[in-house]
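Working notes, beginning with the structure itself.
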Number of protein chains: 2
Amino acid sequence: MQGMTTDKTRALRADAQRNRDRILDTAEQYFSEHGVSGSLDAIAKQAGIGAGTLYRHFPNRETLLAALLTARDDALVARRDHLRGGSVNAADALDGWLDAITAWAGAFAGLPEPLRAATTTSSSPLSVTCQGFITTTEEFLQAAQDDGSARRDVRARDLFLAALATSWVRGAALADDASAAALAELTRNGWATTRPARAVDDR
Amino acid sequence: MQGMTTDKTRALRADAQRNRDRILDTAEQYFSEHGVSGSLDAIAKQAGIGAGTLYRHFPNRETLLAALLTARDDALVARRDHLRGGSVNAADALDGWLDAITAWAGAFAGLPEPLRAATTTSSSPLSVTCQGFITTTEEFLQAAQDDGSARRDVRARDLFLAALATSWVRGAALADDASAAALAELTRNGWATTRPARAVDDR
DNA sequence: CGATCTAACGGAGAGGCTCTCCGCATCGAC
DNA sequence: GTCGATGCGGAGAGCCTCTCCGTTAGATCG
C-alpha cells in the first residue's frame with residue numbers, strides 16, 4: 001500500500017533471519033526432547049542468542065509453537081491431498097485423515113493441550129491452523145455422510161477434538177500404546193454407520 | 001504396633017489438624033476458581049498459614065489434589081452402589097458409571113491432566129484412586145460384556161481414559177458443552193454392541 | 001499447675017521461569 | 001564512509017515452587 005516492502009511485512013534483516021532460523025531449529029529439537037513446556041530461556045541460551053531476541057521474534061510460547069507447526073503442515077497437507085485423490089472410500093479417507101491429525105498432534109509431548117485450547121480460544125496463533133484442519137475434517141466427514149458411511153449426527157469439530165483427545169491419551173500412556181489405538185477404534189465405531197466387522201487389530 | 005497412637009499415624013496435634021482442614025477448604029475453593037494450576041503459595045496465604053506449613057502437610061500439588069478428591073469420592077462411590085443395585089441394565093449401568101467419572105474429573109479445571117498422568121505413573125498419590133475406579137469400570141464392563149451389550153474387545157482402562165478425555169475436551173470448550181456430550185456419545189457408540197436407536201439428545 | 005519435650009509453625013530466601021526494557025551494536029542504503 | 005533504522009542481549013522485575021531452621025505452642029508428666 002505504501003512502499004517498497006516485499007509483499008507483506010518487509011523482508012527481515014540478514015541477522016534477524018539467521019536468528020529466527022536458529023531459534024526454530026533449536027526449539028524443534030528442544031521441544032522434542034523436553035515437551036512443549038520446556039524452558040524458553042533455555043532455548044534462547046542453547047541457540048546462542050539473548051532472551052530478548054527470542055521474545056521479539058516469538059512473543060510467547062504459542063507463537064513459537066505455531067511457527068514450528070506450520071513448518072510441519074506440509075506432511076499433513078500432503079496426506080490430505082492423497083486422501084482426496086479418491087483412491088479409497090469416503091469412510092477410510094475420513095479415518096485416515098483423523099489418524100493423520102492424531103499423529104500430527106503428537107509431534108511434541110504435551111502438544112494436544114495448547115491445540116485444544118486454541119480450538120476454542122480463536123485468539124491464538126494456533127487457532128488458525130486448527131480451524132483449517134477442522135474445515136478439512138468437515139469436508140471428509142461430509143463425503144462420508146453423503147455416501148452413507150458416517151452417521152449424520154456427528155460434527156467435524158467433535159471428530160477433530162476426538163483425534164486430539166486420542167493423541168492426548170497417548171501422551172500419558174508411554175507404556176501403553178494400545179490405549180491410543182483403542183481410543184481411535186472407539187471413535188471410529190462411534191461415527192461409522194456400519195457395525196465394524198473388522199477386528200481390533202486391524203488398525 | 002507400639003504406642004497409644006490412634007490406629008495409623010499418630011493423631012495430629014490440635015493445631016496441625018486445624019491447619020490441615022483450613023488448607024483443604026481454601027484449596028477446594030481456590031482450585032475451583034483458578035483451576036488445578038493455581039498458586040500453592042497463594043493458597044497458603046489465603047488460608048492464613050505459612051508456605052512451609054502447607055508443604056509439610058502436602059509435599060506437592062498432587063498430594064493436595066489427592067486429598068481433595070478422596071473427600072469427593074463419596075459421591076462417586078454412592079453412584080457406583082446405586083448402579084450396582086441393578087435397577088438398570090448392564091449397558092446403562094456402564095454408561096452411567098462412565099458419566100459419573102467424567103463429571104468427577106471435571107471437578108476442577110485442568111484436573112484431567114494429572115489424572116491421566118497418574119493412570120500410567122503408578123507412583124502418584126492420585127494413581128491409587130484412579131486404579132480403584134478402573135477396577136470398578138472393569139466390573140461394570142464385565143457385566144455388560146456378559147449380557148452381550150458391550151463389545152468384548154474393549155478394555156476397562158481405555159474406557160476410563162476415554163471418560164477422562166471427554167472431561168478434558170469439555171475443559172477446553174467452555175463455550176461448547178455439546179462437544180463433551182458428543183464425545184461421550186461417540187464413546188458409547190464405540191463400546192456398545194447394538195446400533196444406538198436413541199437420538200443424540202438422549203444423553 | 002508449672003516444666004519440659006517435641007511436633008508443628010512461618011517466612012526468608014534459593015533457584016527457576018516468563019517476559020520487558022533500553023543502551024548498544026550492526027545492517028544496509030546512499 | 002556516513003547515518004538512520006533495525007535488531008541484539010542480558011540485567012532484572014515479578015511470580016512460582018519448595019526448603020531450611022529459629023521460634024512457638026500443644027501435650028504430657030511429676
Side-chain angles (χ1 to χ4, degrees), chain A residues 2-6 8-27 30-31 33-68 109-110 113-114 117 124-125, chain B residues 2-6 8-27 30-31 33-68 109-110 113-114 117 124-125:
Chain A
Q2 64 136 330
M4 306 260 83
T5 60
T6 12
K8 274 197 167 159
T9 64
R10 94 170 39 206
L12 285 176
R13 227 171 66 176
D15 54 348
Q17 182 63 54
R18 183 163 17 95
N19 280 330
R20 188 170 197 280
D21 292 346
R22 257 222 225 313
I23 294 170
L24 250 20
D25 281 354
T26 310
Y30 201 87
F31 283 155
E33 278 176 33
H34 302 83
V36 295
S37 307
S39 156
L40 295 189
D41 270 28
I43 291 175
K45 185 175 289 185
Q46 189 171 316
I49 61 166
T53 301
L54 188 154
Y55 283 97
R56 189 161 353 86
H57 282 284
F58 307 100
N60 53 52
R61 190 180 300 270
E62 297 227 316
T63 314
L64 176 54
L65 231 32
L68 239 31
E113 185 70 44
S124 150
Chain B
Q2 66 137 325
M4 306 261 83
T5 60
T6 12
K8 273 199 169 156
T9 65
R10 94 168 39 203
L12 288 176
R13 226 170 66 176
D15 53 350
Q17 183 64 54
R18 184 167 13 97
N19 281 329
R20 188 171 198 280
D21 292 346
R22 255 219 226 319
I23 293 170
L24 251 19
D25 281 355
T26 311
Y30 201 87
F31 283 155
E33 278 175 35
H34 301 84
V36 295
S37 308
S39 156
L40 295 189
D41 269 29
I43 292 175
K45 185 175 290 185
Q46 189 170 317
I49 60 167
T53 301
L54 188 155
Y55 284 97
R56 191 163 350 86
H57 281 284
F58 307 101
N60 53 51
R61 191 179 298 271
E62 298 229 313
T63 314
L64 176 53
L65 231 33
L68 239 31
E113 185 69 46
S124 148

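In what follows, every heavy atom counts, from backbone to side chain, and hydrogens, waters and symmetry copies are set aside. Chain letters run A, B, ... following the sequence lines, proteins first, then strands; residues in each count from 1.
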Counting only pairs under 3.5 Å, give me each side-chain donor-acceptor contact of residues 49-59 of chain A, with atom names and distances, residues two or more places apart or in other chains.
none

- Query: Which residues, if any, of residues 42-57 of chain A bring a heavy atom under 4.0 Å of DNA chain D?
  - Reply: A:Ile49, A:Gly50, A:Ala51, A:Gly52, A:Thr53, A:Arg56, A:His57

- Atom-to-atom span, CG of B:Asn19 to P of D:dT24 - whole angstrom: 17 Å

- Message: Is there a side-chain contact between B:Ser39 and the phosphate of D:dT17, meaning an N or O under 4.0 Å from OP1 or OP2?
- Response: yes

- Atom CG of B:Leu40 and atom P of D:dT17 are separated, to the nearest Å, by 5 Å

- Query: Of all nucleotides in DNA chain C with an atom under 4.0 Å from a non-hydrogen atom of chain A, which is the first and which the last going 5' to 3'?
  - Reply: C:dC17 to C:dG28

- Task: Considering non-hydrogen atoms only, spot the tightest contact between B:Ala67 and B:Arg20 and give its length.
- Result: CB-NH2, 4.4 Å

- Excluding sequence neighbours, so at least two apart, what forms salt bridge (Lys or Arg N to Asp or Glu O under 4.0 Å) with B:Glu62? none

- Item | Minimum heavy-atom distance B:Ala42-B:Tyr30, with the two atoms named | CB-OH, 3.4 Å

- Task: Rounded to the nearest angstrom, tell me the gap between atom CG in B:Leu12 and atom P in D:dA27.
- Result: 11 Å

- A:Gly110 and A:Pro114 have their tightest heavy-atom pair at O-CD, 3.1 Å

- Item | Shortest non-hydrogen contact from B:Leu68 toward B:Leu24 | CD1-O, 3.5 Å

- Item | side chain to side chain donor-acceptor pair (under 3.5 Å) partners of residues 33-45 of chain B, not counting sequence neighbours, each pair once | B:Gln29-B:Glu33

- Does A:Asp41 or B:Arg18 map to a spot on DNA chain D nearer the 5' end, using the closest nucleotide for each? A:Asp41

- Message: Testing the basics here: between B:Val36 and B:Phe31, what is the closest heavy-atom pair and its distance to 0.1 Å?
- Response: O-CE2, 3.6 Å

- Return the value, rounded to whole Å, for the distance between atom CG of B:Leu64 and atom C1' of D:dT17. 13 Å

- B:Asp15, nearest nucleotide to its side chain (from D:dG26, D:dT17, D:dG9): D:dG26

- Item | Set of residues satisfying salt bridge (Lys or Arg N to Asp or Glu O under 4.0 Å) with respect to A:Arg61, sequence neighbours excluded | none

- Query: Within this structure, what is the CZ-to-P distance between B:Arg13 and D:dA25, rounded to whole angstrom?
  - Reply: 10 Å

